[in-house]
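Report on the following structure.
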Amino acid sequence: MTPRDPYLSLVSEFMLQQTQVARVLEKWPGFVGRFPTLRSLAAARERDVVAAWSGMGYYRRARNLHGAAREIVGRFGGRVPEDVDSLRSLPGVGPYTAGAMASMVFGKAEPIVDGNIARVLLRLEGKSLEQAEGVRWAWGRAVGLVQSSRAARHGGSTPQQSSRRRVRKVSAGVLNEGLMELGAVVCTPRSPRCGACPVRGLCLARRRGLQDVIPRPKVRPVRSDLFCASVVVEDGLGRVLVEPRSEIGLWAGMWQAPTLERKDRAARRGEIASWIGAEGLTLKGAFEHGTTHRRVRFEVWSGRMNEGAARPGATFCTRAAIARLAISNPQRRILLGG
Ligand code: SF4
C-alpha cells in the first residue's frame, strides 16, 4: 500500500462519515487548499473551518475535525496518534474512524465495520439480524478476522500452516479495504453480483438463496415537520440582512436570513411581519428540504425593515461576503440562489 498522509486521511475520513464520495471529491480541493496542513487547520478560526465545509452538511463534523486538529497539536505534538485509544480520545472520532486510521494509515491490526463490511460479513455467514444487532455481531466477527489474519502472518511453521499463511497473508488494512470494496462493488445492497464474487464459494447467504433478504431492511425513523419562514431584507446598497443561528440544534451557529420557525404550521404574514419588524412582506417562493430527522418546509419572503427596527446580532452583508460565511444548503439557495 502507498503510505498515506495521516492528516489528509483524517480529513477524508471525517468528510466521508456522512457525505457521498462524489460530493466529497467536489469539496476536497477547496478545503485542503485552504487548510493544507494539520497546523493550519488547528490555527484557523472555527467559523472559517465551518465556512470551508459549507455544502457537505452535518457541520458538527467540521467543528469536531477542527477540535481534533487542535488536540493533536496540543496533546500529541502535531502528529496524528497511531493507536486506536488515542485516536478515539479525539472529538468526532468513533470506532470506525479510529480503526480505519489505525489499520489503513498506520498498518495496525485493527478491525473496522461500516455498512458495506457489515453486509458482506452478514451474508457470508448467513446471519439474518436486525440492523443494530447485525452491526454488533459484525464488529465481533471483524475482530476475529483481523486476529486470524495476524496469526497467519506471524505464526505457524508446518507446511499446512505455511500454505494457509500464503492464502491469508494480508494486513488488517488490506483486509479492511478488500471487504469495503467487495461491499461497494460486488456485494451491493440490492442485486449483489454473486456470479462475479471472489468469495462466492464460502457464502452461506448465496448457498441458501438469502442474499436479497440479508441484512434485514432498516426501519426508517419518522421525520418530523419544521416550517421555516425566511425573510430576505435588502438595504439601499443591495446588501442582505443575515444573522447567526443558535449555537445548539439544527445548523448550529450557521448564518441565515432571519427565519421564523414553527413546528406545527407555517407562520402567517402578520406574525412574520411583527416578529422581524418588517413591512411590505411578499411571498417569493417555497421549497422543501430533507434532513435525517426532519422535513423542513421553507417559505421565502422579501420585505423592508421598519424604520428603527433592529435585530441583535444581525448585519447587512454583500452577497459576495455571504458566500464566504458558513451557511446551510437551503439558506444558500435563499440568499444566493444556488
Ligand atoms: Fe455477497 Fe453474493 Fe458474494 Fe455472498 S456471494 S458475499 S451475497 S456477492
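This is a predicted model, so every value here is computed, not measured. Just so it is clear, the values below take in all heavy atoms, side chains as well, and ignore hydrogens, waters and symmetry mates.
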Self-check item: Audit row: Arg141, Leu124, side chain to side chain contact (heavy atoms under 4.5 Å, CB included) steps and yes/no
Solution: CA-CA 11 Å; Arg141 189 68 192 95; Leu124 278 172; over 6 Å; no
Exercise. Take Gln256 and Ser230, measure what side chain to side chain contact (heavy atoms under 4.5 Å, CB included) needs, and give me the verdict at the end.
Key: CA-CA 8 Å; Gln256 64 177 12; Ser230 293; over 6 Å; no
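- Ser328 and Arg245 share no donor-acceptor pair across their side chains, judged by distance under 3.5 Å alone.
- The two residues Cys228 and Val296 have their closest heavy-atom pair at SG-CG1, 3.6 Å.
- Val84 is not connected to Val80 by any chain of hydrophobic side-chain contacts under 4.5 Å among Ile, Leu, Val, Met, Phe, Trp and Tyr, and they are in different clusters.
- With hydrogens and angles disregarded, no donor-acceptor distance shorter than 3.5 Å links the side chain of Thr188 to the backbone of Val185.
- One finds the CE atom of Met104 at 5.5 Å from the CD atom of Glu13 (value rounded to the nearest 0.5 Å).
- Judged purely by distance below 3.5 Å, without hydrogens or angles, the side chains of Asn64 and Arg61 never pair a donor atom with an acceptor atom.
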Quiz prompt | Full working for side chain to side chain contact (heavy atoms under 4.5 Å, CB included) between Met180 and Ile112 | solution = CA-CA 9 Å; Met180 274 197 290; Ile112 55 173; 3.9 Å; yes
Quiz prompt | Test log, rule side chain to side chain contact (heavy atoms under 4.5 Å, CB included), inputs Glu234 and Arg239 | solution = CA-CA 5 Å; Glu234 284 192 23; Arg239 298 176 306 175; over 6 Å; no
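- Between Asp48 and Arg34, the closest side-chain pair of non-hydrogen atoms falls below 4.5 Å.
- Every residue two or more places apart in sequence or in another chain that forms a side-chain hydrogen bond (donor to acceptor under 3.5 Å, both in side chains) with Arg63 is listed here: Glu46.
- Hydrophobic clustering, with ILVMFWY side chains joined whenever heavy atoms are under 4.5 angstrom apart, keeps Val143 apart from Tyr96.
- Residues that satisfy the ring pair (Phe, Tyr, Trp, His ring centres under 6.0 Å) test with Phe35, not counting sequence neighbours, are Phe31.
- In the hydrophobic clustering of this structure, Leu129 does not group with Leu204; members are Ile, Leu, Val, Met, Phe, Trp, Tyr whose side-chain heavy atoms approach within less than 4.5 Å, directly or through other members.
- Sorted by first then second residue, the ring pair (Phe, Tyr, Trp, His ring centres under 6.0 Å) pairs that include residues 215-255, not counting sequence neighbours, are Trp251-His289.
- Applying the salt bridge (Lys or Arg N to Asp or Glu O under 4.0 Å) test to residues at least two apart or on different chains, none of the pairs has a partner in residues 178-193.
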Practice problem: Could you give me the CA-CA distance, side-chain angles and deciding distance for Arg88 and Glu110, then say whether salt bridge (charged side-chain N to carboxylate O under 4.0 Å, His left out) is met? | Solution: CA-CA 13 Å; Arg88 285 209 62 186; Glu110 296 291 347; over 6 Å; no
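- Listed by chain and residue number, nothing satisfies the ring pair (Phe, Tyr, Trp, His ring centres under 6.0 Å) test with Tyr58 (two or more places apart in sequence, or in another chain).
- Between Arg23 and Glu26, at least one side-chain nitrogen of the basic residue sits less than 4.0 Å from a carboxylate oxygen of the acidic one, meeting the salt-bridge criterion.
- Inter-residue side-chain proximity for Pro198 and Leu182 is flagged as met; some heavy-atom pair is nearer than 4.5 Å.
- Here Arg4 pairs with Glu177 in a salt bridge; the nearest charged N to carboxylate O distance falls below 4.0 Å.
- Through chains of ILVMFWY side-chain contacts below 4.5 Å, Trp275 is grouped with Val231, Val233, Leu241, Leu260, Ile272, Ile276, Leu281, Leu283, Trp301, Met305, Phe316.
- The shortest heavy-atom contact between Val49 and Ala62 is CG1-O, 3.8 Å.
- With rounding to the nearest 0.5 Å, the separation of CE in Met15 from NZ in Lys27 is 9.0 Å.
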